There are 2 protein chains.
Amino acid sequence: MSTVGKAILLLELFNVDEPELGLSDLARRSGFDKATTRRLLVALAGRGFVEQDAGTRHYRLGAGLSRLARIREARFPFLQTAVPLVRDLAASTAETVHLSEFGVDRLVTVNVEHPAWANRVNIDIGQLLPLHSTASGIAYLAFARDETVKACLTGSLDAFTAHTLIEPAAISRSMGEARERGYSICDQGYEEGVISVAAAIRGADGFALGTIAVAAPKARTTAAAIAERGLAVMEAAREISMRLNGENLQTLRRQA
Amino acid sequence: MSTVGKAILLLELFNVDEPELGLSDLARRSGFDKATTRRLLVALAGRGFVEQDAGTRHYRLGAGLSRLARIREARFPFLQTAVPLVRDLAASTAETVHLSEFGVDRLVTVNVEHPAWANRVNIDIGQLLPLHSTASGIAYLAFARDETVKACLTGSLDAFTAHTLIEPAAISRSMGEARERGYSICDQGYEEGVISVAAAIRGADGFALGTIAVAAPKARTTAAAIAERGLAVMEAAREISMRLNGENLQTLRRQA
DNA sequence: AATAACGGTTCAAATAATGAACCAACCACC
DNA sequence: GGTGGTTGGTTCATTATTTGAACCGTTATT
C-alpha cells in the first residue's frame with residue numbers, strides 16, 4: 001500500500017461519533033506501527049489535514065481539508081444548488097428527504113431534511129449508503145459509468161434485510177426499471193419497514209453525480225404516494241442537474 | 001519532504017480559478033517527475049481525494065475531501081454557527097463582512113456577505129489572508145498561541161502597500177492594542193484604500209479559531225464608524241465563540 | 001510503590017519512491 | 001499527409017524514504 005494511501009486511511013478513521021483520537025488508538029485501529037502512525041500524522045498536521053489538541057494531545061481532522069473541500073465545492077456547488085430543492089421536497093412530501101453524493105464506491109449523505117412526525121426515517125449527514133441496496137444507490141447505478149456498475153456487482157453483496165436484492169441480475173433489472181421510469185424504488189432493501197424513492201442528479205456528461213431521495217415508514221405509505229413522490233423526486237433531480245450544468249441546457253448524453 | 005507532504009502539495013495546486021489540471025501541468029507546477037506525479041494522483045484517486053475527468057483526463061479535487069471536511073464540520077460547526085451572525089452584521093453595517101478560519105499559517109476566507117454598494121470591498125470565498133497585514137490576521141494573532149505568533153514574526157514579511165507594518169515590534173504593538181480594545185484595526189495594510197476592523201472567534205481554550213471582519217472603502221469611512229463597527233464585530237465574535245463552545249459558557253482561559 | 005497506559009523518539013534494515021527513457025495518441029501547422 | 005510538439009501513461013534499475021522493535025519520560029490507576 002502506498003504511503004499516501006496509508007495517510008488517507010488514517011484520516012478515514014475519524015468519524016462524527018469519534019472526531020478525536022489519540023496516537024495509540026489510531027495506531028491500533030489502522031494496524032500501523034506507532035512510529036509510522038505518528039510520522040504520518042506529523043506530515044498531515046504540517047499541511048493542516050489534522051490538528052492536535054493542545055490539552056489532550058489527541059488528533060482531529062484539520063482545517064486544510066475544509067479549504068480544499070471548499071475549492072471543490074466552487075467547481076461543483078452541489079450542496080448550495082440542491083439544498084433549496086431538498087427543503088421544498090421535504091415540505092411538499094412531509095417525509096425525510098436526503099441528498100447524496102458519490103464517493104469512491106458508496107453514496108455519502110450530504111444533506112437531510114426531516115419531517116415533524118415522531119415516526120420518521122432518520123438519516124445523518126455523513127452517513128454512507130451502499131449502492132446495491134438503497135433507492136439512492138439504484139438510482140445512481142442506473143446512470144453510472146459501466147465500470148462503476150461492474151465494480152459494484154462483482155464481489156459479494158451484503159444482505160441487510162430479508163428483502164435485499166443481492167443477485168447481480170436482480171439488481172440490473174432494478175436499475176433498468178429505474179432508468180425507464182426516471183426514479184428508483186427500494187422496498188425495505190436496507191432497513192425493515194422503510195420504503196424509499198430516489199432519482200439521479202446528473203452531470204453535463206449525463207452520468208450520475210449523486211441522488212435525491214424520499215424515505216418513509218412503509219406503514220403509512222400507499223402505492224399512490226410512491227408514484228407521486230417518484231415524480232416529485234425526479235423533477236427535483238432534473239432541476240438540480242440543470243442548475244448545476246449551467247443555463248445552457250446541454251442535452252444529456254444518456255437519455256432516460 | 002515526506003511522500004504525504006508531496007501528495008498534499010499536489011492537492012494544493014488546485015484553486016478556484018483553476019479547478020482542473022492535467023498531468024503534465026501538475027508535474028510542472030509541483031516540480032515532481034511526471035511518473036511520481038501520476039503515482040501520487042493514482043493513490044489520491046483511489047481514496048477519492050482527486051477525480052479524473054473521463055473526457056479531458058484532467059484531474060480535480062475529489063469528493064473524499066468533502067466527506068472528511070464534513071466530519072470536521074460536525075465537530076466544529078464554524079460555518080453554520082457563524083453564517084447568521086455574518087449576515088446580521090452585514091445588514092447592520094452595510095459593508096463587506098467576511099469570516100475566516102485559521103489554516104497552517106494563514107487565514108482562509110470561509111464566508112462573505114457583500115453590501116449593495118457598487119463601490120465596495122470584494123473578497124472571495126477561499127481567499128487566503130496573511131496574518132501580519134490584515135485586520136483579521138492581527139485579531140487572530142492577538143489570541144493565538146505563542147508558537148504561532150513566533151512562527152509568523154520570524155522570517156521576512158511582505159509589504160503589500162506603503163502602509164503595511166513589517167517590523168515585528170510594530171506588529172506586536174498592533175496585536176497588543178487589539179487585545180486590549182477587543183478588536184483590531186487595519187488601515188490600508190493589505191490593499192490601498194481599504195480599512196478594516198476584525199475580532200477573533202475563540203475556542204473553549206481561549207485561543208483564536210478564526211475571525212470575523214468588516215472591510216470598507218476608506219473614502220467613506222469616519223473614525224466614528226470604525227469605533228461603531230469595532231464594537232459590533234467584537235460582539236458578533238463573542239456570540240459565535242459562545243455558541244461554538246456550548247451552552248456551558250466556560251470562562252475563557254485567556255481573557256482580553 | 002508498582003503497574004500500565006499514554007505520547008513521543010531512535011536507527012539499522014527493509015521497502016517503497018524515484019526519474020530518464022520509453023510508448024501511443026492527439027493536435028496544429030506547413 | 002507528413003512533421004514536430006504536445007499530451008497521458010508506463011517501465012525498471014537506482015536511490016532514498018519508510019519501517020518497527022526497543023527505547024524514554026509522563027501521567028493516571030491500583
Side-chain angles (χ1 to χ4, degrees), chain A residues 1-14 18-62 75 145-148 151 203 205 207 253, chain B residues 1-14 17-62 75 145-148 151 203-205 207 253:
Chain A
M1 174 185 255
S2 74
T3 309
V4 174
K6 285 179 202 166
I8 297 179
L9 192 149
L10 221 46
L11 292 174
E12 296 187 331
L13 292 176
F14 296 93
E18 296 172 305
E20 309 205 346
L21 297 167
L23 172 60
S24 299
D25 217 0
L26 284 164
R28 222 175 295 116
R29 294 180 194 217
S30 63
F32 307 148
D33 187 87
K34 198 150 52 89
T36 302
T37 305
R38 194 173 129 75
R39 262 198 28 269
L40 293 172
L41 286 170
V42 167
L44 289 167
R47 294 304 196 142
F49 272 37
V50 298
E51 301 169 344
Q52 188 173 27
D53 190 289
T56 63
R57 317 229 103 194
H58 282 197
Y59 297 87
R60 60 167 167 261
L61 297 177
R75 177 91 186 78
R145 295 191 160 71
D146 288 342
E147 66 236 51
T148 309
D205 56 7
F207 290 112
R253 205 166 73 198
Chain B
M1 174 184 251
S2 73
T3 309
V4 174
K6 286 178 203 168
I8 298 180
L9 192 148
L10 221 47
L11 292 174
E12 297 189 329
L13 292 176
F14 296 92
D17 298 321
E18 297 172 305
E20 308 204 347
L21 297 168
L23 172 61
S24 299
D25 217 2
L26 284 164
R28 221 176 296 116
R29 293 180 196 220
S30 62
F32 306 149
D33 187 89
K34 198 150 52 89
T36 301
T37 306
R38 194 173 130 74
R39 261 195 31 269
L40 292 172
L41 286 170
V42 168
L44 289 167
R47 292 306 195 137
F49 272 36
V50 298
E51 301 169 345
Q52 188 173 27
D53 189 290
T56 64
R57 317 231 98 195
H58 282 198
Y59 296 88
R60 61 167 167 262
L61 297 177
R75 178 91 186 80
R145 293 190 161 73
D146 288 341
E147 65 236 51
T148 309
D205 55 7
F207 290 112
R253 205 165 75 196

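Order of the sequence lines fixes the chain letters, A, B, ..., with proteins taken first and strands second; residue numbering starts at 1 for each chain. Owing to the predicted nature of the structure, the values given are computational and were not obtained by experimental measurement.
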[X] [atom1] to [N] [atom2]: how many Å, rounded?
{"X": "L44(B)", "N": "dA17(C)", "atom1": "CG", "atom2": "P", "value": "12 Å"}
{"X": "M1(A)", "N": "dA16(C)", "atom1": "CE", "atom2": "C1'", "value": "13 Å"}
{"X": "Q52(A)", "N": "dC6(C)", "atom1": "CD", "atom2": "P", "value": "15 Å"}
{"X": "E20(A)", "N": "dC6(C)", "atom1": "CD", "atom2": "P", "value": "16 Å"}
{"X": "D33(A)", "N": "dG7(C)", "atom1": "CG", "atom2": "P", "value": "13 Å"}
{"X": "R39(A)", "N": "dT10(C)", "atom1": "CZ", "atom2": "C1'", "value": "13 Å"}

Give a yes or no answer on whether the side chain of Q52(A) reaches the backbone of R57(A) with a donor-acceptor pair at less than 3.5 Å. yes

Who pairs with E20(A) by side chain to side chain donor-acceptor pair (under 3.5 Å), at least two apart in sequence or on another chain? R60(A), R75(B)

Heavy-atom pair with the smallest gap, counting every atom of [X] and [Y]:
{"X": "L41(A)", "Y": "L23(A)", "result": "CD1-CD1, 4.0 Å"}
{"X": "T37(B)", "Y": "L26(B)", "result": "CG2-CB, 3.9 Å"}
{"X": "L21(A)", "Y": "F14(A)", "result": "N-CE2, 3.7 Å"}

With nearest nucleotides of DNA chain C determined for Y59(A) and T3(B) from heavy-atom distances, which residue corresponds to the more 5′ nucleotide?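 Its nearest nucleotide lies further toward 5', so the answer is Y59(A).
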
On DNA chain C, compare the nucleotides closest to K6(A) and R38(A); which residue's is nearer the 5' end? R38(A)

Considering only heavy atoms, which members of residues 21-32 of chain A lie under 4.0 Å from some atom of DNA chain C? G22(A), L23(A), S24(A), R28(A)

Give me each pair satisfying salt bridge (Lys or Arg N to Asp or Glu O under 4.0 Å) with a member in residues 29-43 of chain A, each pair once, sequence neighbours excluded.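 Sorted result for residues 29-43 of chain A: E18(A)-R29(A), D25(A)-R29(A).
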
Could you walk me through whether Y59(B) and L10(B) pass side chain to side chain contact (heavy atoms under 4.5 Å, CB included), step by step? CA-CA 11 Å; Y59(B) 296 88; L10(B) 221 47; over 6 Å; no

Reading DNA chain D in the 5' to 3' direction, which nucleotide is the first one with an atom under 4.0 Å from a heavy atom of chain B, and which is the last?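 Extent of the interface on DNA chain D: dT7(D) to dT18(D).
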
So if I take the C1' atoms of five pairs at each end of the helix from dA1(C)-dT30(D) to dC30(C)-dG1(D) and get each local axis, what angle do the two axes make, rounded to 10 degrees? 40°

Assign a letter to each nucleotide of nucleotides 22-29 of chain C from its 5' end: B, base within under 4.0 Å of a protein heavy atom; S, sugar-phosphate only; -, no contact. --------

Just distance, no hydrogens or angles: give the donor-acceptor pairs under 3.5 Å from side chains in residues 2-9 of chain B, sequence neighbours left out.
from, atom 1, to, atom 2, distance (Å)
S2(B), OG, G5(B), N, 2.9

